[in-house]
**Q** 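Structure incoming, see below.
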Amino acid sequence: MSRQDATGSPFREAVIDLDALTGNVRTLAARMAPAEIIAVVKADAYGHGAVAAARAALAGGATRLGVADLDEAHELRDAGIDAPVLAWLHGPDADFARAVRAGIELGISSRAQLERAAEAAVELARGGGAVAPACVHLKIDTGLSRNGVPEAEWADVVAVAAGLERDGLVEVVGIFSHFANTSREVDSAQLEAFERALADARAAGLSPRIRHIASTEQALRDPASRYDAVRIGIGMYGLTPFGDGTTSTELGLTPVMTLRARVAAVRRVESGAGASYSHIWHAEQASTLALVPLGYADGVPRQASGNGAEALLAGRRRPVAGRIAMDQFILDVGDDEVSIGDEVVLFGDPATGAPTADEWGAAAGTIGYEIVTRIGPRVPRRYVGGAGASQAASTTEVRP
Ligand SMILES: *Cc1c(COP(=O)(O)O)cnc(C)c1O
């Protein structure tokens with residue numbers, strides 16, 4: 001339950017527009033065809049709600065889902081989503097047998113993980129189930145130096161995988177990698193390493209159907225990076241992957257999350273008055289200040305204080321005045337009329353005049369990804385749209 005005032009509008013909320021998400025996926029799917037879309041819904045769909053986002057993405061033409069870990073994959077399965085799901089980040093004790101039983105595809109970053117996947121298939125067969133292979137995507141490290149099999153170990157891993165495939169214990173559904181988003185030169189070197197890895201896999205007797213390396217940024221920029229599928233995260237949430245100032249609007253994408261609240265207090269201050277902690281801001285002239293009940297506990301970055309962050313209030317973008325605190329911050333509205341209860345939009349669709357999460361990211365010295373992903377549990381999510389994704393109701397409110 002969110003706290004609502006007499007007009008029924010919540011004190012604070014994140015509105016998730018599932019139709020916008022479906023539309024973004026549709027736009028991207030058309031641009032990427034014939035490559036499939038793997039909709040990346042890790043980290044609770046970047047703060048948007050994994051299950052609702054997954055359904056909306058599938059409605060827009062995504063054919064597969066991607067998450068980081070197995071808990072995230074099981075959440076989708078437990079909600080009844082039966083599309084292919086790939087999880088690629090595993091601890092040493094991750095329960096592969098449970099994952100294989102749930103039909104989750106495993107991203108494999110080492111020979112040890114590959115052997116554990118095969119053991120999971122053996123264990124399930126021993127448990128009386130039909131002998132079904134563990135479906136895996138082998139990950140090659142092409143230069144990100146995070147996970148993925150190092151190139152020096154790749155020949156061994158594909159040889160072992162081919163043997164396990166012949167034994168019916170694993171099925172190599174895919175081979176994948178991930179870009180470092182560094183420069184075109186590094187991207188091409190990574191693509192070349194990926195090509196070598198694919199050639200080695202073929203030579204070992206593997207024929208993966210789904211080769212994938214691109215996330216939103218390369219998928220949009222370089223058709224040669226698309227292969228059989230692209231892993232789209234940020235683009236489907238309507239934010240830009242680019243650090244060069246290219247906006248989501250220029251990419252034809254609509255931000256899915258709107259963060260809003262209602263003015264909690266209004267006061268008039270004299271010229272020279274300080275506001276919020278440490279008085280890093282002083283009124284240059286008499287001015288009206290509006291208090292917004294969202295703070296860094298809710299994911300509004302304190303680093304954005306004094307760095308040009310703005311929010312939409314009373315028809316205009318207003319600058320943040322002073323420090324963003326844990327629960328609240330102040331907007332300077334000058335001589336304009338504002339009242340307690342007026343709607344404030346921190347970020348949303350720029351077509352409405354609101355700033356974007358990408359702009360908040362810039363003000364905080366970070367990226368839009370981090371802004372939406374960190375919206376905290378005190379902010380209720382309200383879903384709108386999503387009829388195409390067979391939502392039970394057109395408006396559902398959940399607390400994450
Ligand atoms: C998060 C992630 C993605 C999605 O990246 P975007 O830039 O959000 O499109 C794709 N692949 C992997 C391996 C990821 O971790």
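The shown structure was predicted, so the numbers you read here are calculated from the model rather than taken from an experiment. Counting starts at 1 for both ligands and their atoms, in listed order.
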**Q** Can the ring centres of Phe194 and Tyr227 be said to be less than 6.0 Å apart?
**A** yes
**Q** How far is atom 10 (C) of ligand 1 from the closest protein heavy atom, and which atom is that?
**A** Arg231 NE, 3.5 Å
**Q** Sequence neighbours left out, cut at 3.5 Å: what donor-acceptor pairs do the side chains of residues 167-176 make with other protein atoms?
**A**
none

**Q** Quick one about Ser305 and Arg323 (side-chain donor to acceptor, distance below 3.5 Å, no hydrogens or angles considered), yes or no?
**A**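 Not at all, the side chains of Arg323 and Ser305 share no donor-acceptor pair under 3.5 Å.
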**Q** If you measure only the distance, is there a donor-acceptor pair under 3.5 Å linking the side chains of His178 and Arg231?
**A**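 Short answer, yes.
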**Q** Can you pull out the closest protein heavy atom to atom 9 (O) of ligand 1? Residue, atom name and distance to 0.1 Å, please.
**A** Thr216 OG1, 2.5 Å
**Q** Quick one: does Tyr46 get a heavy atom under 4.0 Å from ligand 1?
**A**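 Checking ligand 1 against Tyr46, which is what was asked, there is a heavy-atom contact under 4.0 Å.
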**Q** Are any of the N/O atoms in Ile234 less than 3.5 Å from those in ligand 1?
**A**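 Yes, since at least one N or O of Ile234 sits under 3.5 Å from an N or O of ligand 1.
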**Q** Heavy-atom distance to atom 15 (O) of ligand 1: which of Met236, Lys42, His212 wins?
**A** Lys42
**Q** Looking at ligand 1, does any of its N/O atoms fall within less than 3.5 Å of an N/O of Pro241?
**A**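 By distance alone, the answer is no.
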**Q** Will you find, in the side chains of Ser287 and Asp332, an N or O donor that is under 3.5 Å from an N or O acceptor?
**A**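 Side-chain D/A pair, Ser287 to Asp332: present.
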**Q** Out of curiosity, is Tyr369 lining ligand 1, as in a heavy atom under 4.0 Å away?
**A** yes
**Q** Return the closest protein heavy atom for atom 5 (O) of ligand 1 as residue, atom name and distance.
**A** Ser215 CB, 3.4 Å
**Q** Once you round to the nearest 0.5 Å, how far does CD1 of Ile375 lie from CD of Glu13?
**A**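 Answer for the CD1-CD pair, Ile375 versus Glu13, is 12.5 Å.
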**Q** Tell me whether ligand 1 is touched by Glu217 - counting only heavy atoms on the residue side and a distance under 4.0 Å.
**A**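 No, Glu217 has no heavy atoms under 4.0 Å from ligand 1.
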**Q** Using only heavy-atom distances, determine whether the side chains of Asp335 and Gln285 contain a donor-acceptor pair under 3.5 Å.
**A** no
